[in-house]
Amino acid sequence: MKYTLIEIKKNLIKAIEESVGKAIASGAFSADSLPEIIIEVPREKAFGDFSTNIAMQLPKLTKKSPKFLAEEIIKNFDMTGTLVEKIEIAGPGFINFTLESDWIYGVLKDIDRLKESYGRTEAGKGKTVNVEFISANPTGPMHMGNARGGAIGDGMASILDWAGYEVTREFYINDAGNQIAKFGQSLEARYLQINGMDVQFPEDGYKGEDITVHMEEFTKIHGDKYVEMESSARKQAFIEYALEKNLTKIKEDLGGYGITYDVWFNESSLYESGEVIKTIDELTQRGHTYEKDGAIWFKATDFGLEKDDVLIRNNEIPTYFAADIAYHVNKLRTRKFDWSINVWGADHHGHVARMKAALEAMGLSGDRLDVIIMQLVRLTRKGETARMSKRQGNMVTLSDLIEEVGTDAARFFFNLRSPESHFDFDLDLAVEESNENPVFYVQYAHARISSILRQIEDDLTKVKLDYTLLKAKEERELMEILAIFPDEITGAAAKMDPSRITRYAMDVAANFHSFYNACRVKSEDIELMKARLELVKGVKLVLKNITEILGINAPERM
RNA sequence: GCGCCUGUAGCUCAGUAGGAUAGAGCAACGGCCUUCUAAGCCGUGUGCCAGGGGUUCGAAUCCCUUCAGGCGCGCCA
C-alpha cells in the first residue's frame, strides 16, 4: 500500500475538487461558489468504500440535475494517485468510489506512524477553549447532577484537546452572594443548637447532615465560645471553616473521579478586583441598563428577550447574573479565550439566552459562548425516584456514587447517553457490576488483547510484515472501524457530545470480540501472526486512547 | 399562559448542518469452550419514527399545529 489513510482521503477530496473545477471550465455547468467536498463511508458495502453527495449539493447553484452533474464530474475525474478503481453513480446522485482493495491497510500504517497520537486532528488548531464544568456550590457535597456534568465536561475537554484545541478546564467557585449568606445562617443555627441554644433553623437554610457535622467538629475544636460572639463575625468564621473543608473534599472527590482542573476561579475575586462593578458600569455606558424600583436592570429586551433582568438589587448587592457577566467577560476579553463552553443543568437553560445577550451588549459575540445543557439526572432506587436538592438533605453524593459503582462505571454510564437526553440512573442496576454494564465490555476487549500480547514470546523482528495477509471479513471490518477514529473525534467535537465516543468505544470492542472469536493471533504461520499482532496492537492503542478521553481505566487483566 | 428539552422495536437509546433498504444494546429463543480470558461469539424479528398538515427530486431530520412527559419563566443560583 502506497498511502496512509489520511493521505488517501486528502487525495480523493482533491481529485473531486479538481474534477468539479474541470467540469466547470469545460462549460458543462457554472457555479459562483462551491460547497465543501464531503466524503463519507456509505452504509452499504455495495456502494463502495467512499461516496460524495456533491452532485446533489450543486443543483441549486447550477440549475442542472444531480444525474447530469455526477456524469460530468466523473467524466473529468483523474484517478491518478487516488487508488480509485471504480466510480459509479447511484441512487439520487451519489458518486460512489471503490478503491483498490489494499487501501484499508493504510490505517495500520497511520497507527504505526502516529502511535499514541493516532486519532488526533487539527480541526481546532490554534484556537483556545475554556471548558467550565461542575462549578458546584461549595456549600455542600457534590450530587448526581455534578457527577453527570463532570463526566460530560471532562470528556468534552479531552475531545477538544484531541481535536486540536488548546483546552483549559475550569471550576467556578460560587463563594459569594446569597447562598453563602444562607450557608452562614445555617451553620450558625446548627452551632447554637449543638451548644444548647433553642434557635429556629432558617426556613430556606441548608438542611443537610453535612452542616451539622461541620459544626459538631468545629465545636470539638473550639468549644462553645462562639455562642457569645457577635453574629456577623461568628458567621464569617463558620463560613471560612466550612468552605475550606468543603473545597478540600470537592477536590479530593474529583481526584478520585479522575478530574483535574487547570483553573479554580473564585467568584469572590470578581468583586475584589472590581470587575463586577466595572462590567455594570460599562453596560451602563453602552446604554444597556436603567434604574427602576431602586434596582439596576439590564435591558435584555433590546436583544429580543422577553424580560429584563436585575443586575444590582435595591439593597445594592449585585446579582449572580451580574457576576456571571463579569466572569464571562473575564474569560473572553481579559483572558482572550476564543471559545467558552459551559456545562449546565437543564434548570439553568433560561440563563443561556440572557448571558449571550449580555455578551453582545458588552461588544463580544455571543457565538463565542456555547452551553451544553444536560437534562437532570433522575435517580431511582428500588423503583423510587429520589430528589436531589441540597437544601432537602437526603441526597446521593458523588462520593456515595463512586463508592457504590466505581469511577469507571459512573463515568462511562454518564456518557452513555447524549447530554440532552433525560437520564435515569438506576442505582440498583449500576451496583450489579454484571455484564449488564457496558464498561466491562470495552475494558474486557483491552484486557484480552493484553493477554494475547503477554503470551506471544516469539521474536518477530526479522519476520516480514505483510498487512495484506489480513483478508478475513472480521479483520477488514476491524480495520474499517479503526479508520474512522479521527472522524469520530472531529464529529464529537463539532456536536459537543462525548457520548459519541462512548458509543464508538463499544463499536470498536464489538468488532474486536468478533475478530477474536473468528481469528487466532497465535499461529504457526508467523507472517500471519505478525500481521495480526500489528492489528490487535492497533486496536489496543485506539481503546487506550478512548478510555483516556473518557477518564476510565484500561486494565491489562480482568 | 410563554420558552427550552424529550417522544423512534416489548424496554433503554442511536440516527436530526434533509439523502440510498431507519439501526444498536437489553429482554426472548437456539447454537459455540481439549486451541490466545465464555465479562465473549454466531444465528432467529420487531417499527403508523407520538398524531395531523406543509416545504421538495427526496423528511425520523426543516416549518406549522395538536397531544404526552420533564425543566424553566425570582431583586434565587
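The sequence lines fix the lettering, A, B, ..., with proteins before strands; numbering per chain opens at 1.
One atom, NE2 of H348(A), and another, P of rC76(B), lie 14 Å apart when rounded to the nearest Å. Taking atom CG on D497(A) and atom C1' on rA14(B), their separation rounds to 10 Å, with Å as the unit. With rounding to whole Å, L305(A) atom CG is found 10 Å from rG3(B) atom C1'. In this structure, F321(A) atom CZ and rC73(B) atom P are separated by 14 Å, rounded to whole Å. Following rounding to the nearest Å, F183(A) (CZ) and rC76(B) (P) show an atom-to-atom distance of 20 Å. In this structure, CE of M496(A) is placed 13 Å from P of rA17(B), rounded to the nearest angstrom. Between the CZ atom of F512(A) and the C1' atom of rA38(B) there is a distance of 14 Å, rounded to whole Å. Between M506(A) atom CE and rA39(B) atom P the separation is 19 Å, expressed in whole Å.
Distance check on atom P: rG70(B) versus rA28(B) gives 31 Å, rounded to whole Å. Nucleotides rG43(B) and rA24(B) have their P atoms positioned 11 Å apart, rounded to a whole Å. Between rA22(B) and rA60(B), the two C1' atoms lie 8 Å apart (nearest whole Å). Rounded to the nearest Å, the gap between the C1' atom of rA39(B) and that of rU56(B) is 50 Å. Comparing rG15(B) with rU61(B), their P atoms are spaced 15 Å from each other, to the whole Å.
The phosphate of rA24(B) (OP1 or OP2) has no side-chain N or O of Y441(A) nearer than 4.0 angstrom. OP1 or OP2 of rA77(B) has not a single side-chain nitrogen or oxygen of Y320(A) nearer than 4.0 Å. For the pair R417(A) and rU6(B), the criterion of a side-chain N or O lying under 4.0 Å from OP1 or OP2 is not met. Taking 4.0 angstrom as the limit, R313(A) places a side-chain polar atom (N or O) nearer than this to OP1 or OP2 of rA77(B). The phosphate of rA14(B) (OP1 or OP2) has a side-chain N or O of S418(A) nearer than 4.0 angstrom. Distances shown here put every side-chain N or O of S499(A) at or beyond 4.0 Å from the OP1 or OP2 atom of rA14(B). Between Q57(A) and rG18(B) there is no side-chain N or O to OP1 or OP2 distance below 4.0 Å. In this structure, K495(A) reaches the rA17(B) phosphate: one of its side-chain N or O atoms is under 4.0 Å from OP1 or OP2.
If you check distances only, the side chain of H351(A) never reaches the base of rG72(B) with a donor-acceptor pair under 3.5 Å. In the interface, the side chain of S51(A) is paired with the base of rA20(B) through a donor and an acceptor atom under 3.5 Å apart. Taking only distance into account, the side chain of N178(A) never meets the base of rC76(B) through a donor-acceptor pair shorter than 3.5 Å. A donor-acceptor contact under 3.5 Å links the side chain of N96(A) to the base of rA20(B).
Residue-level contact check: A346(A) touches the backbone only, with heavy atoms under 4.0 Å from sugar-phosphate atoms and none from bases. Base contact: D293(A) has a heavy atom under 4.0 Å from a base atom. Contact annotation for H513(A): backbone-only contact, meaning every heavy-atom pair under 4.0 Å involves sugar-phosphate atoms and none involves a base. Within the 4.0 angstrom heavy-atom criterion, base atoms lie near R354(A). S514(A) comes within 4.0 angstrom of the backbone, heavy atoms only, and of no base.
Nucleotide rC29(B) is shown with an anti base, its glycosidic torsion being more than 90° from 0.
Considering only side-chain atoms of F94(A), the nucleotide from rA20(B), rC73(B), rC76(B) that sits closest is rA20(B). For H422(A), the listed nucleotide lying nearest its side chain is rG70(B); candidates were rG70(B), rG40(B), rC76(B). You'll find that the side chain of M558(A) is closest to rA39(B), out of rA77(B), rA39(B), rC5(B). With rG72(B), rA38(B), rG19(B) as the choices, the nucleotide that has an atom nearest any side-chain atom of Y444(A) turns out to be rA38(B).
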**Stepwise salt bridge (Lys or Arg N to Asp or Glu O under 4.0 Å) test for E488(A) and R503(A)** = CA-CA 10 Å; E488(A) 292 292 319; R503(A) 282 189 291 275; over 6 Å; no

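Of the N and O atoms on the side chains of T279(A) and E275(A), not one donor lies less than 3.5 Å from an acceptor on the other residue.
Of the possible polar contacts, none joining the S514(A) side chain to the E474(A) backbone as a donor-acceptor pair under 3.5 Å is found. With N315(A) contributing its side chain and I317(A) its backbone, the two residues share a donor-acceptor pair below 3.5 Å. Without hydrogens or angle criteria, S135(A) side chain to F171(A) main chain gives no donor-acceptor distance under 3.5 Å.
A salt bridge links R354(A) to D309(A): at least one charged side-chain nitrogen sits closer than 4.0 Å to a carboxylate oxygen.
Taking the six-membered ring where the residue is Trp, the centroids of F265(A) and Y327(A) are separated by under 6.0 Å.
Few gaps surround CD on Q455(A); more than 12 heavy atoms of other groups in view lie less than 6.0 Å from it.
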